[in-house]
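Working notes for the structure below.
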Amino acid sequence: MKFIRQRHFESGDRLFSEREFAEKFGTTRPAIREAVTALEALRVIERRPQSGLYLRDMRADSSIDALVLQVQSGMIPDAHEIHDAIELRRILEIEAIRIAATRRSEDDLKDIRQVLDQTEERLNEGQPIEKEDEEFHKRIAASTRNSLLLRVVNSFFELSKDRRVMYFSDPERCRISHAQHLKIFATLSEGDPERCAKIMQEHLSQTSTLWKTILAEELP
């Protein structure tokens, strides 16, 4: 995928053959075939019989897992992808907590409360809370009882894992985030869907600007 980006291939372009890729990477054709099969599954590459390998439209066709793979491979997302990721998170989590407000159980609330307690312990020790923050938002998504929604939310956190470490390296951001989580939890406990959505929107709006600044600094 790095090679494709470096060579500036565009949607619809014919790529090298498996033999040519094997020669360029100094590896075997079976290894290339395995990589191509994986990229086909992620809808990045299309194999056309009697014609060859072609690059699909990455923005329209490829799965979100393809974007996660790029980031995990050290490929920096462009400004458009950063904006879309932040916007997607806002859409998903606002709707998620609206649904969770009507479906969450007492056990769900206990689980979320436990995450908040763990967060307070970390803060008292002067430690960052990126893992606890992630778990808090995932527990809310899990409370919707919608497994597909949870899987997409999981993808967002995989997409931003390394950069979240940077975000939560600031103790003040950690304290502010936890205070907002406590407010979200109180509202979720009340079970008012629209109130929950409003509080979540406020929380995500306050963090979006900082996210954009941090991520944009990494762009070439």
Side-chain angles (χ1 to χ4, degrees), residues 1-93 128 130-131 133-135 137-138 141-142 146-169 207-208 210-220:
M1 293 183 75
K2 287 183 179 179
F3 181 85
I4 289 171
R5 174 176 285 188
Q6 291 167 354
R7 289 298 183 96
H8 303 291
F9 283 104
E10 296 182 355
S11 173
D13 283 352
R14 186 176 185 275
L15 304 175
F16 298 110
S17 67
E18 290 182 357
R19 177 182 58 79
E20 291 170 324
F21 269 129
E23 291 175 354
K24 289 182 181 297
F25 286 110
T27 188
T28 63
R29 290 185 66 177
I32 293 296
R33 190 171 298 117
E34 183 178 351
V36 167
T37 298
L39 292 180
E40 281 186 286
L42 294 174
R43 301 193 298 278
V44 172
I45 287 177
E46 176 184 10
R47 190 192 304 270
R48 299 179 186 175
Q50 310 303 319
S51 181
L53 302 173
Y54 290 82
L55 182 65
R56 300 184 66 162
D57 187 337
M58 293 286 287
R59 296 198 186 281
D61 296 338
S62 64
S63 71
I64 190 172
D65 288 331
L67 182 57
V68 172
L69 177 60
Q70 290 182 65
V71 172
Q72 291 178 337
S73 300
M75 298 170 64
I76 299 173
D78 60 33
H80 185 81
E81 290 169 333
I82 290 172
H83 173 272
D84 285 355
I86 293 172
E87 185 174 71
L88 174 62
R89 182 191 179 188
R90 184 183 298 113
I91 293 169
L92 288 175
E93 294 213 49
E130 72 274 358
K131 293 182 180 179
D133 174 84
E134 176 179 341
E135 190 63 25
H137 287 278
K138 284 184 176 181
N146 187 314
S147 62
L148 288 180
L149 187 149
L150 179 58
R151 285 161 65 180
V152 177
V153 169
N154 284 339
S155 293
F156 172 83
F157 284 104
E158 285 299 316
L159 180 64
S160 60
K161 188 177 292 293
D162 290 342
R163 291 162 183 82
R164 285 170 52 76
V165 173
M166 181 188 302
Y167 182 88
F168 286 103
S169 64
T207 59
S208 289
L210 281 172
W211 264 113
K212 290 177 182 177
T213 300
I214 291 172
L215 293 175
E217 288 175 353
E218 301 181 19
L219 295 176

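Treat the numbers as computed from the prediction; the structure is a model and nothing was measured. The chain is numbered in sequence order, starting from 1.
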So, taking the atom named NE2 in His137 and the one named CZ in Phe156, what distance separates them when rounded to the nearest 0.5 Å?
9.0 Å
Suppose we screen for side-chain contact (heavy atoms from CB on, under 4.5 Å). Which residues come up paired with Lys138, at least two apart in sequence or across chains?
Glu134, Asn154, Phe157
Would the distance check show the side chain of Arg7 and the main-chain N or O of Leu15 forming a donor-acceptor pair, the cut-off being under 3.5 Å?
no
Correct closest heavy-atom pair for Pro128 and Phe168 would be CB-O, 3.3 Å
Salt bridge check, Lys131 against Glu135: does any charged N sit closer than 4.0 Å to a carboxylate O?
no
Verdict with supporting geometry, Met1 and Arg5, side chain to side chain contact (heavy atoms under 4.5 Å, CB included):
CA-CA 6 Å; Met1 293 183 75; Arg5 174 176 285 188; over 6 Å; no
Looking only at non-hydrogen atoms, find the nearest pair between Leu150 and Ala141 and report the distance.
CD1-CB, 3.8 Å
Non-neighbouring partners of Glu34 that pass salt bridge (charged side-chain N to carboxylate O under 4.0 Å, His left out), sequence neighbours left out:
none
Kindly give the heavy-atom pair with the smallest separation between Ser155 and Asp65, and that separation in Å.
OG-OD1, 3.6 Å
Which pairs, with at least one residue in residues 36-46 and sequence neighbours excluded, count as a side chain to side chain donor-acceptor pair (under 3.5 Å)?
Glu40-Arg47
Once salt bridge (charged side-chain N to carboxylate O under 4.0 Å, His left out) is applied, do any residues pair with Glu87, and if so which ones, sequence neighbours excluded?
none
Establish, yes or no, whether the cationic atom of Lys24 lies under 6.0 Å from the six-membered ring centre of Phe16 and within 45° of the ring axis.
yes
What is the distance from atom OH of Tyr54 to atom CD1 of Ile45, rounded to the nearest 0.5 Å?
13.0 Å
Please list, chain by chain and in numerical order, all residues satisfying side-chain contact (heavy atoms from CB on, under 4.5 Å) with Ile32, sequence neighbours excluded.
Glu18, Phe21, Ala22, Phe25, Thr27, Val36
Testing the basics here: between Arg14 and Phe9, what is the closest heavy-atom pair and its distance to 0.1 Å?
O-CE2, 3.8 Å
Residues two or more places apart in sequence or in another chain: which of them pass side-chain contact (heavy atoms from CB on, under 4.5 Å) with Pro30?
Thr28, Arg33
To check you understand the geometry: which heavy-atom pair defines the closest contact between Ile4 and Leu55, and what is its length?
CG2-CD2, 3.9 Å
Gap separating the CG atom of Asp84 from the CZ atom of Arg89, nearest 0.5 angstrom:
15.5 Å
